Number of protein chains: 2
Amino acid sequence: MSDTPIRLLLVDDHTVVRQGLKMVLSLESGFEIVGEAGNGQEALDAIPKLEPQVILMDLLMPVMDGVTAIRTIKKAYPDLEVVALTSVLEDRLVIDAVEAGAAGYLLKETGPEELIEAIYAAARGEVRLHPKAQKRLVREVRTPEMRESLTERETDTLRLVAKGLSNKEIAKDMDVSEVTVKTHVSSILSKLNLSSRTQAALFALKEGLVGLE
Amino acid sequence: MSDTPIRLLLVDDHTVVRQGLKMVLSLESGFEIVGEAGNGQEALDAIPKLEPQVILMDLLMPVMDGVTAIRTIKKAYPDLEVVALTSVLEDRLVIDAVEAGAAGYLLKETGPEELIEAIYAAARGEVRLHPKAQKRLVREVRTPEMRESLTERETDTLRLVAKGLSNKEIAKDMDVSEVTVKTHVSSILSKLNLSSRTQAALFALKEGLVGLE
DNA sequence: TCTTACCTCAGCCAAAAGGTGGAGATGAGG
DNA sequence: CCTCATCTCCACCTTTTGGCTGAGGTAAGA
């Protein structure tokens, strides 16, 4: 490894988690934690002053979410490596994070050793994905026709289907005829290879297209 | 407060979270962290030796989940107070935890102050619920006829509906006629005051009746 | 300009879903 | 024994859903 410590910025809205990370990482001499932030916006503001080399970023945060933050950061500072660190494993999140340029996707259930190893890897410009995240990503790459191929209106429709609305209600909500909604739903089912709107709703939930409340 | 520190046991499968809690709580002189555990079973085994007064318990853990652990602990040690600490807010979890005898339900997004306050409260035998958890619990108490009133077969049916199966598939799965399934689905919708199987599926997911994969 | 993809709508049709009412069997409990 | 809840099934009916084909308008891109 290098002889100068890696400058780290921690971004997470939970105080407890930040403290925990600090605790765990402070046992490792190769790191220097130069700051903390409670959301993506704070992180962005702090970068010029703190000049971190690697950022540990939670994905689910208020104000500015992690994915947006990663995208913005990688645009402004391409050399800065961002490791996504989250407690939930959602297809959509994994894909978005990787697309946004994350140097890693770790779950909070990850042990300290892997965490440390992933940071070193990120600093070297390598990518470390949690095994489960890898699986999701591979699944996605293998079936890119899936959610990817849904058009904008179809995606809108699916979102409403996943909220339990009927075609008539969706039509009213989208301000089109019910016939059009039926057309959209049909092509959704066809494209995704599903056989009912309930399955479509479940798909949308799994993909993180909509939340559960 | 008392002059002797409160003996605390931390139970969480994430090392990072445990360290974070230790860090945060060590700033408070009123506590003494007597031990840690990575799951419910470990916690249970450690109680006789460590003699904690309050346990901070994560709900989602491998081996033995938090709710089961709470139930078991409260049966064996009624005076031991257990505070549930979790990152997710699920109706079913809140209800189950409270029924199991939890002295509190906190989210990991909770700030250190509230966390500390909740532990003191638990030690005094009081109950502290996160505002969001309170809301869920109240909603539940107000509509006990809901999920509660579903019969066994209806619950089975709902579970399969929430997996995206058609009536015919459910009939095959449950080994009854499709007519019977329709009867069950009808009474489910009627009892839960819903208007489509998709809504029923979403309900089942919200209630934690089934998982999402 | 000529595709191509998308959005919108339509009609026709079959299948699935859902509502209503009723009925026989079973088993638990007063 | 009687009652009550549950499970099972049936018939009849309406509504919803989903498949299929086609068609006009629009916007982007070769």
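A note on names: the letters A, B, ... follow the listed sequences, proteins ahead of strands, and every chain is numbered from 1. Here the structure is a predicted model, which is why all the values come from computation and not from measurement.
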(Q) Taking A:Glu32's backbone N and O only, do any of them form a donor-acceptor pair with A:Arg7's side chain (distance below 3.5 Å, no angle check)? (A) no
Q | 5' to 3' contact window, DNA chain C with chain B (heavy-atom distance under 4.0 Å) | A | C:dA16 to C:dG19
**Q.** Donor on one side chain, acceptor on other, B:Ser177 and B:Thr180, under 3.5 Å
**A.** yes
(Q) I'd like to know whether B:Asp13 forms a side-chain contact (heavy atoms from CB on, under 4.5 Å) with B:Asn39, so could you lay out the CA-CA distance, the side-chain angles of the two residues, the decisive distance to 0.1 Å, and finally the verdict. (A) CA-CA 6 Å; B:Asp13 56 327; B:Asn39 62 62; 5.9 Å; no
Q | Pairing residues for A:Asp45 by the side chain to side chain donor-acceptor pair (under 3.5 Å) criterion, not counting sequence neighbours | A | A:Gln41
**Q.** Candidates B:Asp156, B:Leu165, B:Val176 - the one meeting side-chain contact (heavy atoms from CB on, under 4.5 Å) with B:Ile170
**A.** B:Leu165
Q. A:Asn167 pairs by side-chain hydrogen bond (donor to acceptor under 3.5 Å, both in side chains) with which of A:Lys172, A:Glu178, A:Lys182, A:Arg197?
A. A:Arg197
Q. Between the side chains of B:Thr151 and B:Glu154, does any donor sit under 3.5 Å from an acceptor?
A. yes
Q: Begin with the C-alpha distance, continue with both residues' side-chain angles, and end with the deciding distance and a verdict on side-chain contact (heavy atoms from CB on, under 4.5 Å) for A:Val11 and A:Glu42.
A: CA-CA 9 Å; A:Val11 189; A:Glu42 278 183 35; over 6 Å; no
**Q.** Passing candidate, side-chain contact (heavy atoms from CB on, under 4.5 Å) with B:Met57, options B:Thr86, B:Asp12, B:Ile73
**A.** B:Ile73
Q: Classify the nucleic acid contact of B:Glu154 as base, sugar-phosphate or nothing, counting any heavy atom under 4.0 Å across all strands shown.
A: nothing
Q: Scan side-chain atoms only and decide if A:Thr183 and A:Ser186 contain a donor-acceptor pair under the 3.5 Å cut-off.
A: no
(Q) Counting neighbours of CD on A:Glu51 that are heavy atoms of other residues, nucleotides or ligands and sit closer than 6.0 Å, is the number greater than 12? (A) no
Which atoms of nucleotides 18-22 of chain D (N or O only) lie under 3.5 Å from a protein N or O atom, and what are those distances?
residue, atom, partner, partner atom, Å
D:dG18, OP1, A:Arg197, N, 2.6
D:dG18, OP2, A:Arg197, NH1, 2.8
D:dG18, N7, A:Lys182, NZ, 3.3
D:dG18, O6, A:Lys182, NZ, 2.7
D:dG19, OP2, A:Ser186, OG, 3.2

Q. Has B:His184 got a side-chain N or O lying under 4.0 Å from the OP1 or OP2 atom of D:dT8?
A. yes
Q: Go through B:Leu85 and B:Asp58 one step at a time and tell me if the side-chain contact (heavy atoms from CB on, under 4.5 Å) criterion holds.
A: CA-CA 5 Å; B:Leu85 179 71; B:Asp58 189 18; 5.8 Å; no
Q: Using side chain to side chain donor-acceptor pair (under 3.5 Å) as the criterion, list what pairs up with A:Gln199, not counting sequence neighbours.
A: A:Ser195
Q. How bent is the helix from C:dT1-D:dA30 to C:dG30-D:dC1, comparing axes over its five end pairs at each side, to the nearest 10°?
A. 40°
**Q.** Strand-adjacent residues in residues 168-177 of chain B, judged by heavy atoms under 4.0 Å from DNA chain C
**A.** B:Lys168
